[in-house]
Each structure stands twice: as C-alpha cells, then as structure tokens.
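If you're wondering where the values come from, they're calculated on a predicted model, not measured in any experiment.
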Amino acid sequence: MGCIGFPIHPVWEVTLACNLRCKQCHAGAAKKGAAELSTEEGKKLLDQMAEIQEFRMLAFGGGEPLVRPDIFELVDYAHSLGFEISIATNGTLVTRDVAKRFKKMGVANMAIGLNANDKTVHEGITQVPGSFEKTKQAIYNTLDMGMNLQINTTVMKENRSSIPGLLDFASEVGTEIVLLYQVVPEGRGKMDMELSIEEYLATVNLIIDKQQTSSAVIEPVCYPQYWAYLVRRSGRVPWGMALAEKVFKGCVAGSGLCYIKPDGEVWPCPFIPISGGNVRQTPLPQIWYNSHLFNSLRNRDNLKGKCGVCSYRNICGGCRGRAYAHLGDYLEEDPFCFLNKTYSAVEARMRDEVKVGVSKSSLKGG
C-alpha cells in the first residue's frame, strides 16, 4: 500500500480539455492542448505499455477523458491488450448509456470525482452549476451497471469540514475505494488551499477512525506519512519494521506510478512536473526502466534533509510532489511531515488511547 493504492501502473492523462473549472486541478485543465497524442499515437503508446510486464492495470484520466472523441476506441484497444481499465472522470458525462457501454467494454473501475456530499461545497469548487447532480447520478449509474465505484476527492481548506459526510456517503452506497488526495500546489492548486500540519494530522486520524466502520477502503494520496503513523501508533516498533517495509511503500512516484501527459511527456506522478522523456522520441519501456529521474526516486538513500535520515523513509519517503512544490527539489524533505516533530496534542491523545486499549485487552486475556 502507498499513494494511489493500486498495483504498479501507468496513468494516461489523455487530454487537458475539461467541462469543469475545479479550483484545485493539478492539470490546470481547460482546453485541448495543441500537441495532444493522436489516436494512432495513443495506440502505439498502449502497445508500449503492454511491453512492461508490471503494467497490468491502466487508468485513463484528464482533464476530462470523456470529452476526447476517441476515448471509447482507446479504451477498447487497451482492454484488448489485457489491461484492467479504470476511468478517472468528473462524472458529469457518465450517463446511463455511457456507463453501460463501459461495462460492456470490460471497464473494471470508475473513479468519479466528488468534492463533498453537498451541492454548495462541490459546485463552489467545480465552479459549474448543475455539476453536483450529474456527478451523483454518475455514481448511481456506475453502481447500477455493477462496476467497481471509486470516489476521488482532494482535501483542502474549502471542503475539509465536509469530508466526514463524504466518507459516510461513500460507505452507504457501496463504494469500493475512496482516494483522499491532499492538495499539492500544482496546476491551479495554490498554497493557501493546503491544510496546515495540524489539519493534516487531524485528517489522518479521521481516516483511521472512519476506516473502522467504513465498507470502503480509504486511501490517503500525498499522505505517505499515514503508513508510518499506523506502524508507530500500533506500538510494533522496531520488531514490526521489517514486515511494514514489505507492505507499506509510502510515496510511489516513479516506482509504483508512471504518469503520461497528453503530449507524451512522462512524469513520475501528477505532482512532479518533470519529464523523464517523451514517448514520441523515446519508447516508454526505455523511459520507465532507464530514466535517471525515475531511478533516482526509486532509491530512498537519495532523499535529503529529515526524510534522508528518517527511520520511516522506506515506509513513507515523504511526498515528493510537495517537496518539489515548496522547495524546488523532488528529493528534498517533505515540509509538511509531522512524524519527526514533537507529539501534537492530537497525536498524544491517540497514543494514550492506544495504551489504554492495550491495557484493557491484557486484563481480558486478549
């Protein structure tokens, strides 16, 4: 498990065009870019993805992938190559007929963006009236067709108080997974949207609490400290570290994730706007296996500052996108890390609750 908790996979941002104007959009999506890969170039890219043995799952994203006229042709071709397909969409164009068509094509997962289970909050972020009802209907259309439902949201100051209700809604309707991104100042995302370290930690504790009863897997994205925090909170340190390092990977930029932009540039993740090469000039397998950028991210010994000396670096690794956004170096320390700070009041309370729980369990012979 790590950021974007799926097997090692590529994400293809097929277009920058979008019918919404979300305030936090990392792609700054608006209009189609002039250098967007053509249909034939896209199929060639898919062929190259299929050559990479560990790439068995593929996510189509944007922008809004459904505004691309050839999206069904590309998805169908990808499925013919053996990929498990996920579509990351804002949902406004996922009518019942569209959902039915994706189901027949073998799409496994629909990842629908919902900022809050509240019209005012959601549309305050999308900046398009009527988008809330269309997105909610897309959720029900996906469920009716029997596809896995994933809900994506970005936690920021504007919707932070709405996250508990969103998680409750996701569980109630039968969502399989919720990706909770923390906003990173990339694209239209701005630093004043970011949570403070204290709010970040409170959100981590909220996820832990909600996961006890939620039917959905709640996956923090850009929160690599989450996994280390779980290990430390459990009290199974240091003997549990060897197991934890096999299970928890933290930030997967460039190691568990390959992000292809509409013009063919290959980034380690959507929040590190540095290219390891362009598929128009260099085959994707060569970029994935040989790029200095990608290989530098795969070696945690390259990390700097507090991340470089942290005992949790193999479980967490810090958010590389946040390090780049704030410090201009993707290998620098994560400036929003709370692991190496003195226990905050929130964390101290959680620690004490764990101790009390362990003590009660011992008395019962647990």
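Side-chain atoms of Glu333 never come within 3.5 Å of backbone atoms of Ala323 as a donor-acceptor pair (strictly under, hydrogens ignored). One N or O on the side chain of Lys190 and one on the backbone of Arg188 form a donor-acceptor pair closer than 3.5 Å. The backbone N or O of Asn148 sits nowhere less than 3.5 Å from a side-chain atom of Glu176 that would complete a donor-acceptor pair. Here the side chain of Gln24 pairs no donor or acceptor atom with the backbone of Val183 at under 3.5 angstrom. Asp334 contributes no side-chain N or O that, together with a main-chain N or O of Cys307, makes up a donor-acceptor pair within less than 3.5 Å. Side chain of Ser214 to backbone of Gln211: no donor-acceptor contact under 3.5 angstrom is found. Using a distance-only test at 3.5 Å, with no hydrogens or angles considered, no donor-acceptor pair links the side chain of Asn205 to the main chain of Ala202. Put simply, the side chain of Asn90 never gets that close to the backbone of Gly113: no donor and acceptor are under 3.5 Å apart. Checked by atom type and distance alone, the side chain of Ser296 pairs as donor or acceptor with a backbone atom of Leu293 at under 3.5 Å. Here the side chain of Glu265 pairs no donor or acceptor atom with the backbone of Ser275 at under 3.5 angstrom.
For the residue pair Gln150 / Asn109, a side-chain donor-acceptor distance below 3.5 Å is found, with atom types taken as modelled. Ser162 and Asp118 are not linked by any side-chain donor-acceptor pair at a separation below 3.5 angstrom, with hydrogens and angles left out of the test.
In summary, Arg322 and Glu194 do not engage in a salt bridge, as defined by a charged side-chain N under 4.0 Å from a carboxylate O. Salt bridge Asp263/Arg280: absent, no basic N to carboxylate O contact under 4.0 Å. Between Glu13 and Lys261, at least one side-chain nitrogen of the basic residue sits less than 4.0 Å from a carboxylate oxygen of the acidic one, meeting the salt-bridge criterion.
Heavy-atom contacts from other residues, nucleotides or ligands closer than 6.0 Å to NZ of Lys136 number more than 12. Within 6.0 Å of CD in Gln137 there are more than 12 heavy atoms belonging to other residues, nucleotides or ligands. No more than 12 heavy atoms of other residues, nucleotides or ligands shown are found within 6.0 angstrom of NZ on Lys100. Other residues, nucleotides and ligands place no more than 12 heavy atoms under 6.0 Å from the NZ atom of Lys134. For NZ of Lys23, the number of neighbouring non-hydrogen atoms (other residues, nucleotides, ligands) closer than 6.0 Å is greater than 12. No more than 12 heavy atoms of other residues, nucleotides or ligands shown are found within 6.0 angstrom of CD on Gln53.
Taken to the nearest 0.5 Å, the CG atom of Asn152 stands 4.5 Å off from the CG atom of Leu179.
Residues Tyr200 and Tyr223 place their aromatic rings such that the two centres sit under 6.0 Å apart. Proximity of the aromatic rings of His326 and Phe336 is defined here by a centroid distance below 6.0 angstrom, and this criterion is met.
For Trp288, the side-chain hydrogen bond (donor to acceptor under 3.5 Å, both in side chains) partners at least two apart in sequence or on another chain are Glu54. Residues that satisfy the side-chain hydrogen bond (donor to acceptor under 3.5 Å, both in side chains) test with Asp144, not counting sequence neighbours, are Arg96.
A side chain to side chain contact (heavy atoms under 4.5 Å, CB included) with Asn19 holds for exactly one of Thr126, Leu66, Leu93; it is Leu93.
For the pair Asn159 and Thr154, the tightest heavy-atom approach, listed with the atom from each and the gap, is ND2-O, 2.9 Å.
Two residues are said to be in side-chain contact when any heavy atoms from C-beta on lie closer than 4.5 Å; Thr89 and Phe102 fail this criterion.
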